[in-house]
Student: 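First the structure, which I've put down as structure tokens, then a few questions once you've had a look.
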Protein chains: 2
Amino acid sequence: MEHVSENGRQKMQLAENSRRLFGIKQAIRCTSLKFHAGQMIFEEGQRANRWYEVLHGTVRTCRFHIDGSRHLTGFYFAGDVFGADYGQYGAAAEAVTDVDVLCYRVGDFSSGPGAPPPEDGKLSILFRAINCAQRYQYIMGHRTAHERLAAFLLCLKQQEGRSSFIRLPMSRSDIADFLGLTIHTVSRTFTELARRELIKIDGRNGVFILDHRGLCDLAGEEDGGVPPAIGGDSDDYPGALSAA
Amino acid sequence: MEHVSENGRQKMQLAENSRRLFGIKQAIRCTSLKFHAGQMIFEEGQRANRWYEVLHGTVRTCRFHIDGSRHLTGFYFAGDVFGADYGQYGAAAEAVTDVDVLCYRVGDFSSGPGAPPPEDGKLSILFRAINCAQRYQYIMGHRTAHERLAAFLLCLKQQEGRSSFIRLPMSRSDIADFLGLTIHTVSRTFTELARRELIKIDGRNGVFILDHRGLCDLAGEEDGGVPPAIGGDSDDYPGALSAA
DNA sequence: CGAAGGGTTGAAGGAAATCAATCCGAGTGG
DNA sequence: CCACTCGGATTGATTTCCTTCAACCCTTCG
């Protein structure tokens, strides 16, 4: 796991080519953008008000743990879509090579005569599905069994609300097959977390979170699974230089 | 990793409650279904013509390697959405507990006056995003470095088309942070795969696939990353008993 | 030419898989 | 009621694999 000291965020230099593509792209307004290798496209935690389609080149999405270690959640090539997050971006996006992308605005997607507001529309269902997938991608990014199980429990706790009790409807075998571990390691790790008084095991199908903060530390997270909002709420492209 | 001999697919017993929810669910037709713990909701490879929202209970999605080992790609609780795949389901869905779900038909989603066909509509962009996420979830389900790298290369090969040459625009460090390994292990594994004559390394940014079949075996896959279509193409609910 | 960054390779230590045994609770039947 | 079985879960001992630490190679660039 590499420790990346500073994401060299060079001056953004993008050739803007805004237009409406009637017929070709179903009348969704999209903007053609260019990024150079290494450039940041959006940051983790920013409001997710755009998403992107790769036309040419390679893009990576990445998250950082509090210890500085980096985890890439995906590579995107020509034809792939990235950044379709719900609410805020769960990972930053950076250009691996020089890239050309199409940038769609979320508002334009679901707007139209009589269209529901974007937050409540039918599209939100799909965004929620994407968020589910990314939530789990994130857990798998953790290296050790302790970190994975801690992240998993924090993820479940989010579902449960504020209660310190977490129901575990699935078997140890399910948890193991999900986290990419064996039931032995899962069981041992549960025991170990209980020994450290981070959790208290309540039968087969439940645990109490005793030390939420400790679990977060172990999982390498700031808080209970949701990355903190660090980006601004501006609707304009952050730091973009309009080449108009 | 558990070896599941047979997915006891009991007689499906679902209380159907078809209706149109105008106003509440944006006029999308959805059906309320019930499944008992352990029941299959849909199979891997089936045509993905429905997706689901959990109302109550827990659902898991899983894939099987050719060696019989199982990998769960996600758990879904009340409010979560699953099955929103593009083309065919990338993983089977099973009820962990007794569950109530809402079942949406893909066709009904994007249909309407003047709507584009579902395969080509703007919604397909979001489905593709979901597929991207799931593709990578699958890779992370592999246990050893050999399996992960093999699955990763096969995934890239899919992008490249039929050529046996794969471009690797990203650094070893990127690959490591993506696969949850160190650059040392990645480098060693590349060398080892080359020694076994499964691949041939071509500089830093390219490899040739010498033994596609061998890589598939190593990755535990049937073919180059895409699960084979095993399900039928019927638009009706497979094996469902209408409780009308 | 020398420095720097990415990549490869070797040796040693540690974490998880594997092999194996035991425990525990639920369900069953005597 | 108790013995028995069965599946899931826990725990211990050993092996395997990956990480870590370290050194070195190669290419690029000033």
Student: Under a 3.5 Å distance rule, please check whether T191(A) uses its side chain to pair with a backbone N or O of S187(A) as donor and acceptor.
Tutor: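 Indeed, once roles are kept as given, a pair shorter than 3.5 Å links the two residues.
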
Student: Take atom CD1 of I183(A) and atom P of dT18(C), then tell me their distance rounded to the nearest Å.
Tutor: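 After rounding, the reported distance stands at 11 Å.
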
Student: Can you list the residues that meet the side chain to side chain contact (heavy atoms under 4.5 Å, CB included) rule with A93(A), with sequence neighbours excluded?
Tutor: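 Result, side chain to side chain contact (heavy atoms under 4.5 Å, CB included) vs A93(A): I41(A), F42(A), V59(A), T61(A), F82(A).
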
Student: Give me each pair satisfying side-chain hydrogen bond (donor to acceptor under 3.5 Å, both in side chains) with a member in residues 144-156 of chain A, each pair once, sequence neighbours excluded.
Tutor: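 Counting only pairs at least two positions apart or across chains, the side-chain hydrogen bond (donor to acceptor under 3.5 Å, both in side chains) contacts touching residues 144-156 of chain A are R143(A)-E147(A).
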
Student: Expressed as a whole number of angstroms, how long is the span from L168(A):CG to dG8(D):C1'?
Tutor: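 In whole Å, dG8(D) C1' and L168(A) CG are 14 Å from each other.
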
Student: Figure out the CZ/C1' separation between R148(B) and dC18(D), and round it to whole Å.
Tutor: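 Value for this atom pair: 11 Å.
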
Student: Under 3.5 Å, side chain of H71(A) to main-chain N/O of F64(A), donor-acceptor pair present?
Tutor: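 Looks like no, no N/O pair under 3.5 Å.
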
Student: Taking only residues two or more places apart in sequence, or in another chain, which ones meet R135(A) in a side chain to side chain contact (heavy atoms under 4.5 Å, CB included)?
Tutor: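 Side chain to side chain contact (heavy atoms under 4.5 Å, CB included) list for R135(A), sorted by chain: C132(A), C155(A), Q159(A), D80(B).
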
Student: According to side chain to side chain contact (heavy atoms under 4.5 Å, CB included), who are the partners of N205(B), at least two apart in sequence or on a separate chain?
Tutor: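 For N205(B), no residue satisfies side chain to side chain contact (heavy atoms under 4.5 Å, CB included) once neighbours in sequence are set aside.
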
Student: Whole angstroms only, please: what is the CD1-C1' distance between I175(B) and dG6(C)?
Tutor: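 That distance rounds to 12 Å.
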
Student: Could you tell me the separation between the CG atom of D177(A) and the C1' atom of dA17(C), rounded to a whole number of Å?
Tutor: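 Taking CG of D177(A) and C1' of dA17(C), I get 14 Å after rounding.
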
Student: Who pairs with F152(B) by ring-ring contact (aromatic ring centres under 6.0 Å, His included), at least two apart in sequence or on another chain?
Tutor: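 Partners of F152(B) by the ring-ring contact (aromatic ring centres under 6.0 Å, His included) criterion, ordered by chain and then number, come out as F75(A), F178(B).
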
Student: So, is T191(A) close to the dT11(D) phosphate, meaning a side-chain N or O under 4.0 Å from OP1 or OP2?
Tutor: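 Result: yes.
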
Student: With sequence neighbours excluded, tell me which residues meet side-chain hydrogen bond (donor to acceptor under 3.5 Å, both in side chains) with R204(B).
Tutor: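 So R204(B) forms no side-chain hydrogen bond (donor to acceptor under 3.5 Å, both in side chains) with any residue.
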
Student: Distances under 3.5 Å only, N/O to N/O: pair up the protein atoms with those of nucleotides 11-16 of chain C.
Tutor:
{"unit_1": "dA11(C)", "atom_1": "N6", "unit_2": "R188(B)", "atom_2": "NH2", "d": "3.4"}
{"unit_1": "dA16(C)", "atom_1": "OP1", "unit_2": "A145(A)", "atom_2": "N", "d": "2.6"}

Student: Whole Å only: how far is the CG atom of N205(A) from the P atom of dC24(C)?
Tutor: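 Computing the N205(A):CG to dC24(C):P distance gives 18 Å.
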
Student: My understanding is that only residues two or more places apart in sequence, or in another chain, count here; which of them pass side chain to side chain contact (heavy atoms under 4.5 Å, CB included) with A194(A)?
Tutor: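 Testing A194(A) for side chain to side chain contact (heavy atoms under 4.5 Å, CB included), a comparison that skips the adjacent residues, returns I199(A), I201(A).
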
Student: What does the B/S/- profile of nucleotides 23-30 of chain D look like, 5' to 3', with a 4.0 Å heavy-atom cutoff to protein?
Tutor: --------

Student: Could you give the CZ-to-C1' distance, from F190(A) to dG8(D), as a whole number of Å?
Tutor: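 That distance rounds to 14 Å.
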
Student: Round to a whole Å and report the spacing from CG of D202(B) to P of dG7(C).
Tutor: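 Computing the D202(B):CG to dG7(C):P distance gives 15 Å.
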
